[in-house]
Protein chains: 2
Amino acid sequence: MNNIFQWHYVKRLCFERTRDALIPKHDGLAIRGVSETVVGVLGGGQLGLMLCQAANQMAIKVVTLDPLESCPASGIAYHHVVGSFDDGDTVHEFAKRCGVLTVEIEHVDAVSLEKLELLGIDCQPKASTIRIIQDKYLQKVHFSQHGIPLPDFMEIDNLAHVEKAGELFGYPLMIKSKRLAYDGRGNAVAYTKEELPSVVTALGGFDHGLYVGRWMPFVKVEELSVIVARARDKSVSCFPVVETIHKDNICHIVEAPASVLLNEVAPRPHNSGHHKIESCYTSQCEQHLQAILGLPLGDPSLKSPAAIMYNILGEDEGEPGFYLAHQLIGKALNIPGASVHWYDKPEMRKLRKMGHITIVGPSKNIVNARLDSLLEGKTPGSHGVSQ
Amino acid sequence: MNNIFQWHYVKRLCFERTRDALIPKHDGLAIRGVSETVVGVLGGGQLGLMLCQAANQMAIKVVTLDPLESCPASGIAYHHVVGSFDDGDTVHEFAKRCGVLTVEIEHVDAVSLEKLELLGIDCQPKASTIRIIQDKYLQKVHFSQHGIPLPDFMEIDNLAHVEKAGELFGYPLMIKSKRLAYDGRGNAVAYTKEELPSVVTALGGFDHGLYVGRWMPFVKVEELSVIVARARDKSVSCFPVVETIHKDNICHIVEAPASVLLNEVAPRPHNSGHHKIESCYTSQCEQHLQAILGLPLGDPSLKSPAAIMYNILGEDEGEPGFYLAHQLIGKALNIPGASVHWYDKPEMRKLRKMGHITIVGPSKNIVNARLDSLLEGKTPGSHGVSQ
């Protein structure tokens, strides 16, 4: 019985066992995918997962690095490596096995990436880009130097600075962390001069790296999102603009394109682009792979007249959270044009992104109505939606 | 170094090591996908691969059984088992680990499946359906009993039978194997009575199980393909009808729907439905999974006005074959609306299905013109195309 019925650990067999020879192999054969370059991704969350899904169709080999053994990408990556993507040695070991190194998150060790580039490792995006993007203050300085319209901002190093900013910009005053700020984290509001010290402390103090931004009166709780891919030959491809509706107060004015202020930039696939898997000729993850691998960029236009994407956020911790998410998925499976994506994260936490649902259809009204019927009984606007 | 940088074999860790306890686990946690049922697939070729791709998005766990360790599905299945899906004991061991058992190919051991069903294992499709479908003669008897229009046919057990058939149907006479007949294999033509013995021998003799079909005058080298899904609650969902153009002379008359004769039926996802991944709200593999798992069926309608699918068949053996396929893929990446699927089969053989290209676009003329530009310089009609 044992002879006919063997459980084979295929991925394991693709690698030699000695530590210094962990070179991907395909049973001794060359890699035959659409590209022969092995793609390394720092991070194995849902964006790493979707990169693997896009790669798999083209038989492109993606290896992922993430501290979590059971992260979403682990089950589908050509190989998954457990380790910190914020640790120089780990990233170096990992990079040696990849033909090109990319990220699903910009909060990686940019100094290590710069060293890797000097050793000839191909990082896409470049370390210099990541260094700018991961520091929201540097990002704003960079865009401002290039004439991009932004809300007013200034760096703050001590209490005198922030008080000066309060005088210049008025109150309420938005105080922000330069780094590790996303999904509303790293932002806090001081409504008076007296609140400044406690708000600064709540954000980790001046040593943590802070800046202030002028408070913007919110006309709409929406943002526009534009996803652009640039290929190695510098050709550029722009996906259709989408509106995003955020929860909480991490939002900015959007009216007509002319008066839009830049909020943030990510050098990677983005949550606001998940709907492209179903709605565009090329998904953002396909485009990212094609861009970093030097392949021609795909057609970014919509193949369906309308699409709306809904983030499945944890509504509760643990079991009750899973129960609520699965109730929603059950409803979604009955909605025409709905595709359910479940990231298979082992732990359910409140407000954690656990999956998403994309509804594609013949018109914006129709997809909106379908989303309404899906969310019937839920608090309106309580979840992240892109359309 | 070894401590921070561990290559983890994630799939391996999901299973206990003792032979009698190979039960899928998720690090001790329950399976949290859109369905908690583990799907077993007999066969790990490109259809098994596409079932895994569809399942992955919903975090549905698919385990595959295939004699080849490096079959297309092996790299993406939740678990891949090496073994023959035509062997009763192997299939039984495999089935014990699955909540529902399905097939990517109907040439499996139907008698074993019938036994498994008696043991309470849930086979979808049922063993009785597979038994009918895998024997083309039984299939035709079944359809004929249900009033489905078919070309004339009769069973042949000996030379007198086949000579009688020649008198009844005239020449040329199409002689066919009852079993293991697909993609033109298992068919041969006798142009005269004198050729009958050699044609019978070429097909393996009467013991192999043969029947004859009346020769059909070919008006078009096209077939229509209709993919229908039936859910567990007996609800039925029908994908849009497509035309298929075949190579060689394995084709049948298709004119208007009223005069179409049934050719064959497959109880599984089919090559003629690959384009649905890009062109329909629900792909055939998603639909198959939803049907066998008792989930609601998805919307089968087209989300894009037109689509055409081109099979990448091996044009040569080995390296030269890979070279030609990669040249074609390189061209396809420059065609708007084209998606490249590469099955990652380790061996290239002439006429073997190695991948496919789907072109989706705003009209039939446009996608046809894009395919023409892709195939410029190739012999027209030399490949399998569905549109």
Side-chain angles (χ1 to χ4, degrees), chain A residues 1-2 4-13 15 19 22 26-27 29 32-34 53 56-59 69-70 74-76 78-84 87 89-90 93-94 278 281 286 290 295-296 298-299 303-304 322 326 329 333-334 336-344 346 355 360, chain B residues 1-2 4-13 15 19 22 26-27 29 32-34 53 56-59 69-70 74-76 78-84 87 89-90 93-94 278 281 286 290 295-296 298-299 303-304 322 329 333-334 336-344 346 355 360-361:
Chain A
M1 193 62 217
N2 239 345
I4 0 172
F5 193 71
Q6 297 174 341
W7 290 90
H8 265 271
Y9 305 105
V10 173
K11 291 198 175 180
R12 181 181 164 199
L13 294 171
F15 284 76
R19 196 167 67 79
L22 285 166
H26 196 63
D27 295 342
L29 295 168
R32 298 291 190 184
V34 169
Q53 287 168 339
N56 186 272
Q57 179 179 305
M58 297 184 270
E69 186 186 307
S70 58
S74 66
I76 184 185
Y78 181 61
H79 214 86
H80 177 56
V81 178
V82 179
S84 168
D87 175 274
D89 288 344
T90 304
E93 277 302 305
F94 178 75
E278 286 84 14
Y281 291 116
E286 286 169 348
Q290 289 172 215
L295 299 171
D299 180 352
K303 67 179 168 193
S304 191
F322 276 118
H326 280 259
I329 288 171
L333 290 170
N334 282 299
S339 297
V340 174
H341 294 249
W342 183 250
Y343 306 150
D344 215 17
V360 178
Chain B
M1 195 60 215
N2 239 345
I4 0 170
F5 193 70
Q6 297 174 341
W7 290 90
H8 266 271
Y9 304 104
V10 173
K11 290 197 178 184
R12 182 180 164 201
L13 293 171
F15 284 76
R19 195 168 69 79
L22 285 166
H26 195 65
D27 295 344
L29 295 169
R32 297 293 192 183
V34 170
Q53 288 168 338
N56 187 273
Q57 179 179 305
M58 296 184 271
E69 186 185 308
S70 59
S74 65
I76 185 185
Y78 182 61
H79 213 85
H80 176 57
V81 178
V82 179
S84 167
D87 176 274
D89 287 345
T90 304
E93 277 302 306
F94 179 75
E278 286 83 13
Y281 291 115
E286 285 168 347
Q290 289 172 215
L295 299 169
D299 181 352
K303 68 180 168 192
S304 191
F322 277 118
I329 288 171
L333 290 170
N334 282 298
S339 296
V340 174
H341 294 250
W342 183 251
Y343 305 149
D344 215 18
V360 177

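Each chain gets a letter, A, B and so on, in the order the sequences are listed, and its residues count up from 1. Everything quoted here is computed from the prediction, not taken from an experiment.
Here CG of A:Leu295 is found 9.5 Å from CG of B:Asn334. Values are rounded to the nearest 0.5 Å. Within the model, atoms OH of A:Tyr281 and OG of B:Ser339 stand 10.5 Å from one another, a figure rounded to the nearest 0.5 Å. Note that the CD atom of A:Gln53 and the CD1 atom of B:Ile76 stand 7.5 Å from one another [nearest 0.5 Å]. B:Asn56 contributes atom CG, which lies 14.0 Å from atom CH2 of A:Trp342 (distance to the nearest 0.5 angstrom).
Of the atoms belonging to B:Leu333, heavy atoms from both backbone and side chain fall under 4.5 Å from chain A.
The minimum heavy-atom distance linking A:His326 with B:Gly33 is given by the pair CE1-O, 2.8 Å. Minimum heavy-atom separation, B:Pro336 to A:Asp299: CB-OD2, 3.7 Å.
The closest donor-acceptor contact from the side chain of A:Lys303 to the backbone of B:Glu278 lies under 3.5 Å.
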